[in-house]
A.B. asks: 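If you scroll down you'll find the structure; I have some questions about it.
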Amino acid sequence: MTVVEAAFREHRGPLLATLVAELRSFDLAEEALQDAFAAATAQWPGEGVPRRPAAWLLAVARRRAVDRRRREETLTRYLPLLITEEPRTPSAADDSLGLLFACCHPALGRESRVALTLRFVAGLTVPEIARLFLVSESTMAARITRAKQKIRTAGIPLRLPTPADLPERVPGVHAVLYLLFTEGYRSYRDEVAAEAVRLTRLLHDLLPSDAETAALLALMLLQHSRRRARRRDGRLVLLADQDRTRWNASEIAEALTLLAADAPDSPYGLQALIAARHATAERAEDTDWPAIALLYARLEAVTGSPVVRLNRAVAVLESEGPAAALRLLDGLEEQLPRNHHVPAARAECLLRLGDRAAAAEHFERAAVLAPTATERDFLRGRAGTGSGG
Amino acid sequence: MKYALLMYSVEKSWAEADEATREKVYAAHGRFSELLRERDAERGGEELALSNTATTVRVRDGEALLTDGPYAETAEQLGGFYLVEARDLDEALEFARQLATVEDIIEVRPVVEHPAG
């Protein structure tokens, strides 16, 4: 990776957020940042990398934005209001959060919110976002363009909501942040997951006494702490088989502190408590499965979600055995017809009951539905184990 | 920015409302106008006659075609609007929420402001 590519990876997101907040224009911010990276590509290899690459890029992008605005004559009179050389009073964190709330505004559709957040707060490119959501680049580009237009035309503000509006707006932001995290985690894009953690941390700094925000941050940190142990040689490693010394201890400790302060009986709170039970088991066989099964039962009562029921069945398999787990799995195939974890869980139960042929059949069904090659390989491997091969 | 707060409601209930109900609604609108005046946000607005008195005009091949009635047929009908000046969509929505305590549905629509000349 070249130095410019490295700087691009590291600084693109925050710089884009700062520029959008300063320039009050999504398009101008994108163009100016592109100009700045083009300038870096031309200059850094010959002249050397500046001592503070991010500051250099921001300065160049600001100048290019001024140049571009000058060309648009009608806007020239606003120039002095838009760009100032002095550091502005609101912090970069406020910029990111203001932009986050704008991108998650309830006047926008759910899909638009996620796409805008990934583009302008996390700084992903349109092709990257399209790949993450398995849609074509042109579909994603059109969605983002429409959403940008709505923000501009409808006058959605690029700043934090008033204190009176905040409580109503925060849950929508949580939903987008958690989706950002789970999409990054699911697809092994650690930098996307890390960005979601960073933004949630900013939100927690803004609202330190909000229990849901603390629970969400704890949940993300607990899952994120296992990122280095989840794969070995490109293969998926189950929680039980992960090398726990590779889990990030400081992230786990931070999450436990957050949960000690506040553990609400809410979806994020209960999920965080479950993740904490896993994180605090020294060895896989020390896992407190009965406690986890109870937490899942509470979570199912709160959410009524079939996905939660599936997870509960897995915990019950460990605490009460395959027969009790199979009872919980009944009917889930109809509710979650495309979820590969349902046949996989059934296969694990059948394997414990000694029915290897039936288990292999369900592992194959799961492999066909699995979204990634890593998971397909893993499931076919389990089927092989089951038939003794 | 200017926003139009378009008020949709079921016309039949208004037509069948008794005097006391109407008084209450008018009083609520009076208080809402007062709020807008206090915030220097009022830019106009009228109550509209029933939707069956509306005429819709659309141009096809350069010719204006007139049809009897409002454009969109739904259970609720456009009954009036306020024109407000708001800092941004959040403030416009704040006004709309106030208004939604008396009217069924409010559509918030930014007003296109054409440059003078």
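If you're wondering where the values come from, they're calculated on a predicted model, not measured in any experiment. Order of the sequence lines sets the chain letters (A, B, ...), proteins ahead of strands, with each chain counted from 1.
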A.B. asks: Would you say that more than 12 heavy atoms from the other residues, nucleotides or ligands in this model lie under 6.0 Å from the CZ of B:R109, or not?
C.D. replies: no

A.B. asks: How long is the gap from CG on B:D88 to CD1 on A:I156, to the nearest 0.5 Å?
C.D. replies: 9.5 Å

A.B. asks: With rounding to the nearest 0.5 angstrom, report the CG to CD distance, A:D165 to B:E91.
C.D. replies: 10.5 Å

A.B. asks: Does A:H105 form a side-chain contact (heavy atoms from CB on, under 4.5 Å) with B:L93? I'd like the steps, not just the answer.
C.D. replies: CA-CA 12 Å; A:H105 200 282; B:L93 290 173; 3.8 Å; yes

A.B. asks: For a quick test of reading the model, state the closest non-hydrogen atom pair linking A:A154 to B:P110 and the distance between them.
C.D. replies: CA-CG, 3.8 Å

A.B. asks: Please check if atom CD in B:E107 has more than 12 non-hydrogen atoms from other residues, nucleotides or ligands closer than 6.0 Å.
C.D. replies: yes

A.B. asks: Counting only heavy atoms from other residues, nucleotides and ligands, does the tally under 6.0 Å from CZ of B:R87 exceed 12?
C.D. replies: yes

